[in-house]
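Numbered from 1 within each chain, the chains take letters A, B, ... in sequence-line order.
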Amino acid sequence: MRIVTWNINSVRLRLAHVERLTKTLNPDVICLQETKVQDPDFPHDALAGYGYKYRAVRGMKNYNGVAILSRIPFSANGGDDWCGKQDCRHASAHLPGDIELHNFYIPSGGDIPDPKVNDKFAHKLQFMTELAAWSKKRKRGGGAKRTVIVGDFNVAPLETDVWSHKQLLDVVSHTPVEVEHLERLRAAEDWLDAVRHFIPPEQKLYSWWSYRARDWRASDRGRRLDHIWVTPPLTASLRRAEIVKDARDWMPASDHVPVVVDIDP
DNA sequence: ATGGTTGGTAGCCAA
């Protein structure tokens with residue numbers, strides 16, 4: 001089973017990119033973030049036409065929005081509200097092979113990395129705190145669930161997940177307090193970073209490049225903000241992981257590229 | 001140090 005996560009930055013603007021993704025990678029499941037479309041306007045027909053007959057969609061006007069598109073039938077689906085907001089940052093589905101899938105869009109956090117003066121940064125930290133509590137509660141519930149969480153986590157945790165560790169230490173996405181919050185989530189259920197499972201942590205690796213660079217590839221000032229994690233019972237089932245860097249040139253491009261894993265459940 | 005770009009949507013806000 002091939003699962004892709006992608007912050008597509010408007011699904012309607014980049015529908016043809018989804019089709020291209022199906023032709024180049026043929027994913028079974030596609031998790032999108034920043035769909036930027038309210039549910040009544042979601043392009044169900046086009047995506048069904050690409051073979052994604054099963055869809056879980058949570059969108060709103062203007063911002064955010066997540067979707068799970070699947071060729072494989074999924075039984076139940078949903079999504080929760082976080083931080084007391086109904087802002088469409090979570091969708092979930094139960095896949096065959098007893099695999100639970102969660103698609104998250106963690107808040108970006110604004111510009112100033114101080115929760116006292118920046119409500120967006122406070123929201124981001126609170127979101128990760130609630131995710132860690134959710135994960136701990138799941139673990140206490142027992143059963144060692146086979147779970148995949150994916151999405152735009154908006155945090156680049158490793159020094160090699162950013163183009164310059166030193167220069168980004170006080171830049172939102174790579175500050176120590178964010179990295180600590182993300183690590184608390186990871187440790188809550190002993191989540192495994194499925195991409196770093198295959199690509200060594202010494203190697204620079206990014207999934208996002210700013211729109212503001214003149215030449216994103218030449219400057220290569222990227223960050224790895226998009227992630228796929230699995231619970232320990234799925235570790236042995238992981239087969240492959242890839243970040244589809246070339247998609248940064250699929251015009252008009254999203255500033256994020258797809259992240260892929262293959263799981264043999 | 002600053003400004004640089006993009007998307008949704010109708011004036012800027014969010015990233």
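Checked by atom type and distance alone, the side chain of A:Arg89 never pairs as donor or acceptor with a backbone atom of A:Gln86 at under 3.5 Å.
As rounded to whole Å, 11 Å separates atom C1' of B:dT5 from atom CE of A:Met251. Atom CG in A:Asp87 sits roughly 10 Å away from atom P in B:dA15 (whole-Å rounding). In this structure, A:Trp216 atom CH2 and B:dT5 atom C1' are separated by 15 Å, rounded to whole Å. The CZ-P distance, from A:Arg214 to B:dG3, rounds to 14 Å in whole Å. Nucleotide B:dC13 holds its P atom 16 Å from the NZ atom of A:Lys61, rounded to whole Å. What separates CE of A:Met60 from C1' of B:dA15 is a distance of 14 Å, to the nearest Å. Atom pair A:Arg221:CZ and B:dA15:P shows a separation of 23 Å (rounding to whole Å applied). We find that CG of A:Asp249 is positioned 17 Å from P of B:dT5, with the value rounded to whole Å.
Nearest-nucleotide assignment on DNA chain B puts the 5′-proximal partner with A:Ala253, out of A:Asn154 and A:Ala253. Residue whose closest nucleotide on DNA chain B sits further toward the 5' end, between A:Leu13 and A:Tyr105: A:Leu13.
Side-chain atoms of A:Ser135 and A:Glu189 form a donor-acceptor pair, as typed in the model, at a separation below 3.5 Å. At a cut-off of 3.5 Å, with distance as the only test, no side-chain donor of A:Ser254 or A:Asn9 sits close to an acceptor on the other residue.
Side-chain atoms of A:Tyr211 lie closest to B:dT5 of the nucleotides B:dG8, B:dA15, B:dT5. With B:dG8, B:dT5, B:dA14 as the choices, the nucleotide that has an atom nearest any side-chain atom of A:Lys120 turns out to be B:dA14.
The C1' atoms of B:dG11 and B:dG7 are separated by 14 Å, rounded to the nearest whole Å. B:dA14 and B:dA10: their P atoms are spaced 15 Å apart (whole Å). For the C1' atoms, the distance from B:dA15 to B:dT9 is 15 Å, rounded to whole Å.
Close to B:dT2, at under 4.0 Å from its OP1 or OP2, lies no side-chain N or O of A:Arg212.
Figure legend: cation-pi geometry between A:Arg71 and A:Tyr52, with NZ or CZ positioned under 6.0 Å from the six-membered ring centre and within 45° of its axis.
Closest of all the heavy-atom pairs between A:Ala91 and A:Arg58 is CA-CD, 4.3 Å.
Within the 4.0 angstrom heavy-atom criterion, only backbone atoms of the sugar-phosphate kind lie near A:Arg12; the bases stay farther away.
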